[in-house]
Amino acid sequence: MSPSPKIQATTSVYMVIGDPIAHSLSPRMHNAAYQACGIDSVMVAARVSADFLESAVAGVRALNIRGLACTMPHKAALCSLVDTLDPVAKAIGAVNTVVNNDGALTGYNTDWLGIQRPLEKRLALNGRRVALLGAGGAAAAALYACGMRGALVTVFNRTESKAQALASQYGASWSGLDATCDLAQFDIVINTTSLGMSQSIEASPLTASQLHRHQVVFETIYSPRKTRLLSYAEQAGCQIVYGSEMFVEQGAAQFEIHTGALAPREVMWGVVDDGESVSG
Ligand code: ATR
């Protein structure tokens, strides 16, 4: 545990908001990064229910909170509560980062970088066939990240109409999602469904037999660290990418937007490796 930062009257205050928020590692990760860079800032967490989101945003202006990190369930709603929406956040339809410049709030999205950067460390995306599981906000970020690099994405979702709606925005293919889907032709599988999270730890969006040795399997869930899907993927001989890698990358990009300084990724990784659970 790193020592507490020296908080003083001039310290810039950032907040991570969500509901639930108690297990978020964002304050520890960002505070360690501020300290490592000698930046006079602090991040604290606030549980904000959906009913109070609008008041919370008014409070950001009133209290001159310097910026926000945002997690579930506020990312979509924040799009209409900021003054300016970055074009990428607009395209994805979700805000996870807010900057407050003298009362003018700008909303950004860094989740897509949390998906694109770890994938590109493993392989070039151009021309790769991607099976994207889920059709919510995280799926929109993944589709943006892969689509801009020329990957060929198929959206698989339990509710087919949502798969179709998301895919049609990018000219991608779509399908229902169940145990009969044949994914053998895909190079990359990205899970953005909530199946396998702490509340449904035994669940997986795919069966073991739907995964193949040549595939990279990317998980966006970070708690638990190794989901049932990642265990199946490991057994099948796939290359796996933990959700914690996405968490650090989206947080590093967020730190850079908030502070203008280069993120100390090693320091941020150290915090996440120490943590028992990880959430935005
Ligand atoms: P996020 O914004 O984090 O992506 P979300 O918008 O709530 O979260 O999306 C959750 C995704 O998990 C959806 O694609 C959802 O599928 P539906 O559109 O059919 O609801 C998927 N999901 C949640 N529970 C599921 C389940 N039991 N089986 C299959 N998919 C599930």
Side-chain angles (χ1 to χ4, degrees), residues 16-21 23-24 26 48-50 53 69-81 88-97 107-116 130-147 153-170 172-181 183 189-207 210-211 217-224 227-230 232 242-244 246-247 249-251 254 277-280:
V16 55
I17 62 168
D19 186 13
I21 202 67
H23 299 292
S24 174
S26 287
V48 174
S49 68
L53 182 62
C70 317
T71 185
M72 280 171 55
H74 303 315
K75 293 183 187 181
L78 270 171
C79 289
S80 56
L81 294 175
V88 177
K90 188 175 182 181
I92 294 170
V95 164
N96 77 329
T97 305
Y108 300 88
N109 186 298
T110 66
D111 285 334
W112 67 281
L113 286 166
I115 294 167
Q116 192 183 74
V130 177
L132 177 56
L133 315 182
L143 188 47
Y144 180 86
C146 295
V153 182
T154 301
V155 180
F156 291 85
N157 196 49
R158 174 181 61 178
T159 308
E160 291 191 24
S161 56
K162 289 195 203 164
Q164 184 176 17
L166 178 61
S168 66
Q169 289 177 37
Y170 292 86
S173 307
W174 58 275
S175 164
L177 173 60
D178 60 37
T180 67
C181 292
L183 301 186
V189 176
I190 303 174
N191 178 42
T192 70
T193 76
S194 48
L195 288 174
M197 275 184 185
S198 315
Q199 309 91 306
S200 59
I201 211 158
E202 303 294 327
S204 168
L206 298 175
T207 62
Q210 286 173 292
L211 294 164
V217 177
F218 187 110
E219 179 63 273
T220 63
I221 295 170
Y222 20 67
S223 182
T227 58
R228 175 61 60 94
L229 176 71
L230 288 183
Y232 286 159
Y242 289 102
S244 49
M246 176 183 175
F247 177 71
E249 275 303 332
Q250 65 77 33
Q254 193 164 60
S277 70
V278 185
S279 73

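FYI, the numbering just counts along the sequence from 1. Keep in mind it's a predicted model, so treat the numbers as computed, not measured. Each ligand, and each atom within it, is numbered from 1 in the order the structure gives. All values below come from the heavy atoms of this structure, side chains included, with hydrogens, waters and symmetry mates left out.
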Taking Ser198 for the side chain and Ser223 for the main chain, is one N or O donor matched with an acceptor at less than 3.5 Å?
yes
Can you establish whether the number of heavy atoms outside Met72 located under 6.0 Å from its atom CE is more than 12?
no
Exam field: side chain Asn96 to backbone Thr110, donor-acceptor pair closer than 3.5 Å:
yes
I'd like to check the ring-ring contact (aromatic ring centres under 6.0 Å, His included) partners of Phe218; sequence neighbours left out, ordered by chain and number.
none
Output, or 'none' if empty, a list of ligand 1-protein atom pairs in which both atoms are N or O and the distance is under 3.5 Å, rounded to 0.1 Å.
from: ligand 1; atom 1: 2 (O); to: Gly137; atom 2: N; distance (Å): 3.0
from: ligand 1; atom 1: 4 (O); to: Gly137; atom 2: N; distance (Å): 3.2
from: ligand 1; atom 1: 4 (O); to: Ala138; atom 2: N; distance (Å): 3.1
from: ligand 1; atom 1: 12 (O); to: Ser194; atom 2: N; distance (Å): 3.4
from: ligand 1; atom 1: 14 (O); to: Ala135; atom 2: N; distance (Å): 2.9
from: ligand 1; atom 1: 14 (O); to: Asn157; atom 2: OD1; distance (Å): 2.7
from: ligand 1; atom 1: 16 (O); to: Asn157; atom 2: OD1; distance (Å): 3.2
from: ligand 1; atom 1: 18 (O); to: Asn157; atom 2: ND2; distance (Å): 2.8
from: ligand 1; atom 1: 18 (O); to: Lys162; atom 2: NZ; distance (Å): 3.2
from: ligand 1; atom 1: 19 (O); to: Arg158; atom 2: NE; distance (Å): 3.0
from: ligand 1; atom 1: 19 (O); to: Thr159; atom 2: N; distance (Å): 3.0
from: ligand 1; atom 1: 19 (O); to: Thr159; atom 2: OG1; distance (Å): 2.5
from: ligand 1; atom 1: 20 (O); to: Arg158; atom 2: NH2; distance (Å): 2.8
from: ligand 1; atom 1: 27 (N); to: Arg158; atom 2: NH1; distance (Å): 3.2

Identify, with sequence neighbours excluded, every residue that meets side-chain contact (heavy atoms from CB on, under 4.5 Å) alongside Ala135.
Val155, Asn157, Lys162, Leu166
By side-chain contact (heavy atoms from CB on, under 4.5 Å), which residues pair with Thr207, not counting sequence neighbours?
Ala179, Ser209, Gln210
